[in-house]
Amino acid sequence: MLRHRRSATAAALALGVAAVVLGVAVPASAHVTINPREATQGGYGRFAFRVPNESDEASTTKVEVVLPENAPVGSVSTMPVPGWTVAVEKRKVDPPVQVHGSEVTEAVAKITWTSTGDAAVKPGQFQEFPVSMGPLPQVGTMVFKALQTYSDGTVVRWIEEPTAGAEEPEHPAPVLTLTGAAPSVGASAPAVAAPAADDDDDSDGGPGLAFGVAGLVAGLAGLVLGGLAFARTRRGPAETS
């Protein structure tokens, strides 16, 4: 009997280790995310909201994503997802958003995807909902609050904003981190000042040429004097002998 108990305990431990290693049956770790999670300010990008199904029985039938009010995007377009309809809601923005030199007074406020027929996200599956956005605002992060509706009427609200240095909340909102654009090579290279022109210079070289000639004459004179001194030292011992 004791042997059976030890075997059951060992099996339970093995299953627990496998679950940790393989990430099996950890629903709390799966949440709605945006991919990629980083982009460049002022640029355009293709992003996908990845929605996993955490229910063991119900299917995900609707996904709502709210774009941040403090970081409007001038151009937002969606990609068709087979078996899903999409509805886009807009709002007025003030001041307007600049897009290719034109002012845009409306920005997308919310995107809603709704499944039709048998396209709902079933247990153990996930679905991606692609969008194209730009130009991305000059902010550090964009927080997209999302609502996930299941076929049994359950609504999971992925709206909690993360806090630096704190643990991840239970239902975190998708976050896109934005970084500044890298400076171009021409802009980053320091300017090298050209040598200033001398107003006194003329076509013959001016004072610079005169100083050069004077230096050459002085050098030749020194060479001659050095030669004479060397000759005297050579002659001196011969005369004394």
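Basis for what follows: all heavy atoms, side chains included, without hydrogens, waters or symmetry-related copies. Everything quoted here is computed from the prediction, not taken from an experiment.
Here the CD atom belonging to Glu170 is positioned 10.5 Å from the CD atom belonging to Glu168, to the nearest 0.5 angstrom. Atom CG of residue Leu178 and atom CD of residue Glu38 lie 9.5 Å apart, to the nearest 0.5 angstrom. In this structure, OG1 on Thr114 lies 7.5 Å from CH2 on Trp84, to the nearest 0.5 angstrom. Atom CH2 of Trp113 sits about 14.5 Å away from atom OG1 of Thr61, to the nearest 0.5 Å. To the nearest 0.5 angstrom, Arg37 atom CZ is 13.5 Å from Phe47 atom CZ. With values rounded to the nearest 0.5 angstrom, Leu176 atom CG is found 10.0 Å from Asn35 atom CG.
Residues Val156 and Val175 do not share a hydrophobic cluster, defined by chaining ILVMFWY side chains whose heavy atoms lie under 4.5 Å apart. Residues Val139 and Val97 fall into different hydrophobic clusters, defined by Ile, Leu, Val, Met, Phe, Trp and Tyr side chains chained together at heavy-atom separations under 4.5 Å. Hydrophobic clustering of Ile, Leu, Val, Met, Phe, Trp and Tyr side chains at less than 4.5 Å, counting indirect connections, keeps Val143 apart from Ile111. Cluster membership for Val131 and Val88, using ILVMFWY side-chain heavy atoms within less than 4.5 angstrom, is shared. Taken together through direct or relayed side-chain contacts under 4.5 Å among Ile, Leu, Val, Met, Phe, Trp and Tyr, Val108 and Met79 form parts of separate hydrophobic clusters.
Between Ser55 and Thr154, every side-chain heavy-atom pair lies at or beyond the 4.5 Å cut-off. Annotation: side chain of Phe126 is not in contact with side chain of Thr60 (no heavy-atom distance under 4.5 Å). Between Val51 and Gln148 the shortest side-chain heavy-atom distance falls below 4.5 Å. Contact annotation: the side chain of Lys145 approaches that of Glu161 to within less than 4.5 Å [non-hydrogen atoms, C-beta and beyond]. Val93 places none of its side-chain heavy atoms less than 4.5 Å from the side chain of Pro95. You'll find the side chain of Gln127 reaches within 4.5 Å of the side chain of Val81, heavy atoms only.
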- Message: Checking Asn53 against Gln125 for the side-chain contact (heavy atoms from CB on, under 4.5 Å) test, could you report, in this order, the C-alpha distance in whole Å, the side-chain angles of both residues, the deciding distance, and whether it holds?
- Response: CA-CA 6 Å; Asn53 194 314; Gln125 298 179 349; 5.5 Å; no
- Evaluation steps, side-chain contact (heavy atoms from CB on, under 4.5 Å), between Phe129 and Thr78: CA-CA 8 Å; Phe129 301 90; Thr78 61; over 6 Å; no
- Message: Would Leu147 and Arg157 count as a side-chain contact (heavy atoms from CB on, under 4.5 Å) here? Give the steps.
- Response: CA-CA 5 Å; Leu147 278 67; Arg157 302 168 61 86; 3.8 Å; yes
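Heavy atoms only, all atoms of each residue included: Met133 and Phe144 are closest at CE-CZ, 3.9 Å. Of all the heavy atoms in Ala146 and Ile159, the pair that sits closest is O-CG2, 4.0 Å. Between Pro135 and Gln98 the shortest heavy-atom distance is CG-O, 3.7 Å. The two atoms that bring Pro52 and His31 nearest to each other are CD-O, 3.6 Å, heavy atoms only. Among all heavy-atom pairs drawn from Ala58 and Pro123, the shortest one is O-CG, 3.5 Å.
Listed by chain and residue number, Arg50 satisfy the side-chain hydrogen bond (donor to acceptor under 3.5 Å, both in side chains) test with Glu128 (two or more places apart in sequence, or in another chain).
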Using residues 63-77 as the side-chain source, report each donor-acceptor pair under 3.5 Å to any protein atom, sequence neighbours left out, with the distance given to one decimal.
from, atom 1, to, atom 2, distance (Å)
Glu64, OE1, Lys110, NZ, 2.7

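Side-chain atoms of Glu160 come within 3.5 Å of backbone N or O of His171 as a donor-acceptor pair. In this structure, the side chain of Ser151 engages the main chain of Ser59 through a donor-acceptor pair within 3.5 Å. Listed for the Thr179 side chain is no donor-acceptor partner under 3.5 Å among the backbone atoms of Thr40.
In this structure, Asp152 places its CG atom where more than 12 heavy-atom neighbours from other residues, nucleotides or ligands lie under 6.0 Å away.
Taking a cutoff of 4.0 Å between a charged side-chain nitrogen and a carboxylate oxygen, Glu106 and Lys92 qualify as a salt bridge.
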